[in-house]
Amino acid sequence: QVHLVESGGGAVQAGGSLRLSCDASGDTSNYRYYCMGWFRQAPEMEREGIAVIGHDGRTDYAESVKGRFIISRDNAKNALYLHMNRLKPEDTAMYYCAADIEYGGKCPLHPTYNYWGQGTQVTVSS
């Protein structure tokens, strides 16, 4: 089992940038093989996939953030990052990182992962 902790959220103006971090601890022996992802959930809305990255660095993004957000990972540090640029008010949400075993193929951009962090709030004002 893996314990995940997000950080880096905050309040920013539209057009600004933030970098979110996700640090893994616990049993990280297989971290480098995991699918890792960022998800967000706004009040009264479904949790949605934002970006995912596989063991080989293959990424996938939600259409709403393509060209603005970049997901990356550092397996040596058991860390996951989300660089968020040109933020919009509609990006306001609680952001969660997640991990799950990678069976092959592209990591799913759906909130079906086994391990989750506690979330970090991102608020974007116009």
Side-chain angles (χ1 to χ4, degrees):
Q1 55 188 33
V2 178
H3 180 62
L4 305 173
V5 178
E6 303 95 335
S7 61
V12 298
Q13 295 287 327
S17 299
L18 285 173
R19 188 185 77 163
L20 306 184
S21 298
C22 174
D23 295 311
S25 60
D27 184 4
T28 59
S29 60
N30 294 315
Y31 180 88
R32 65 187 182 278
Y33 302 118
Y34 280 14
C35 285
M36 300 296 299
W38 287 100
F39 300 80
R40 68 187 182 190
Q41 188 167 18
E44 310 301 327
M45 297 190 69
E46 299 279 331
R47 188 169 298 186
E48 63 174 339
I50 301 302
V52 295
I53 184 168
H55 71 280
D56 59 354
R58 184 179 181 184
T59 60
D60 193 23
Y61 296 89
E63 186 67 29
S64 60
V65 306
K66 285 182 179 177
R68 298 191 298 122
F69 292 7
I70 299 174
I71 187 171
S72 62
R73 65 193 295 168
D74 186 338
N75 291 335
K77 298 179 179 179
N78 298 318
L80 177 74
Y81 306 99
L82 184 68
H83 297 260
M84 309 167 67
N85 302 303
R86 302 192 304 280
L87 284 160
K88 304 175 180 179
E90 52 262 44
D91 294 320
T92 295
M94 185 72 72
Y95 283 71
Y96 301 88
C97 69
D100 207 349
I101 188 170
E102 185 171 329
Y103 295 101
K106 187 167 65 177
C107 295
L109 197 60
H110 304 288
T112 56
Y113 289 58
N114 283 331
Y115 305 111
W116 293 87
Q118 83 290 344
T120 185
Q121 179 68 38
V122 172
T123 302
V124 185
S125 58
S126 60

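- Legend: residues meeting side-chain hydrogen bond (donor to acceptor under 3.5 Å, both in side chains) with Arg68, ordered by chain and number and at least two apart, are Asp91.
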Given side-chain contact (heavy atoms from CB on, under 4.5 Å), test Trp116 with Leu4 step by step and report yes or no.
CA-CA 6 Å; Trp116 293 87; Leu4 305 173; 5.6 Å; no
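- The ring-ring contact (aromatic ring centres under 6.0 Å, His included) search around Tyr113 returns Phe39, not counting sequence neighbours.
- Residues meeting the side chain to side chain contact (heavy atoms under 4.5 Å, CB included) test with Asn30, sequence neighbours left out: Tyr33, Tyr34.
- Side-chain atoms of Thr92 come within 3.5 Å of backbone atoms of Val124 as a donor-acceptor pair (strictly under, hydrogens ignored).
- A pairwise comparison of heavy atoms in Leu82 and Ala51 identifies CD1-CB, 4.2 Å as the closest pair.
- Considering every non-hydrogen atom in both Pro89 and Ser126, the closest pair reads CG-CB, 3.9 Å.
- The side chain to side chain donor-acceptor pair (under 3.5 Å) pairs that include a residue from residues 1-10 are Glu6-Gln118, where partners are two or more places apart or lie in different chains.
- Within the structure, the ring-ring contact (aromatic ring centres under 6.0 Å, His included) test picks out no pair touching residues 48-75 (sequence neighbours left out).
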Walk me through it: do Val52 and His110 pass the test side-chain contact (heavy atoms from CB on, under 4.5 Å)?
CA-CA 9 Å; Val52 295; His110 304 288; over 6 Å; no
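- A 4.5 Å side-chain heavy-atom check between Asn78 and Asp23 finds every atom pair outside the cut-off.
- The minimum heavy-atom distance between Cys107 and Glu102, with the atom names listed, is SG-OE1, 3.7 Å.
- Across Asp100 and Asn114, no two heavy atoms sit closer than the pair OD1-ND2, 2.9 Å.
- Judged by distance alone, with hydrogens and angles left aside, the side-chain atoms of Thr120 form a donor-acceptor pair with the main-chain N or O of Gly9 at under 3.5 Å.
- Evaluation of the ring-ring contact (aromatic ring centres under 6.0 Å, His included) test over residues 71-98, restricted to residues two or more places apart or in two chains, returns none.
- Judged purely by atom type and a 3.5 angstrom limit, Thr28 has no side-chain atom pairing as donor or acceptor with the backbone of Ser25.
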For Arg19 and Ser72: C-alpha separation, side-chain torsions, deciding distance, then whether side-chain contact (heavy atoms from CB on, under 4.5 Å) applies.
CA-CA 11 Å; Arg19 188 185 77 163; Ser72 62; over 6 Å; no
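- The two residues Val12 and Leu87 make their nearest non-hydrogen contact at CG2-CD1, 3.6 Å.
- Side-chain contact between Met84 and Ile70 is absent, with no heavy atoms from C-beta onward closer than 4.5 Å.
- Remark: side-chain polar atoms of Arg73 are paired, donor with acceptor, to backbone N or O of Gly54 under 3.5 angstrom.
- The backbone N or O of Gly67 sits less than 3.5 Å from a side-chain atom of Arg86, completing a donor-acceptor pair.
- Closest approach of Ser17 and Asn85 over heavy atoms only: OG-OD1, 3.1 Å.
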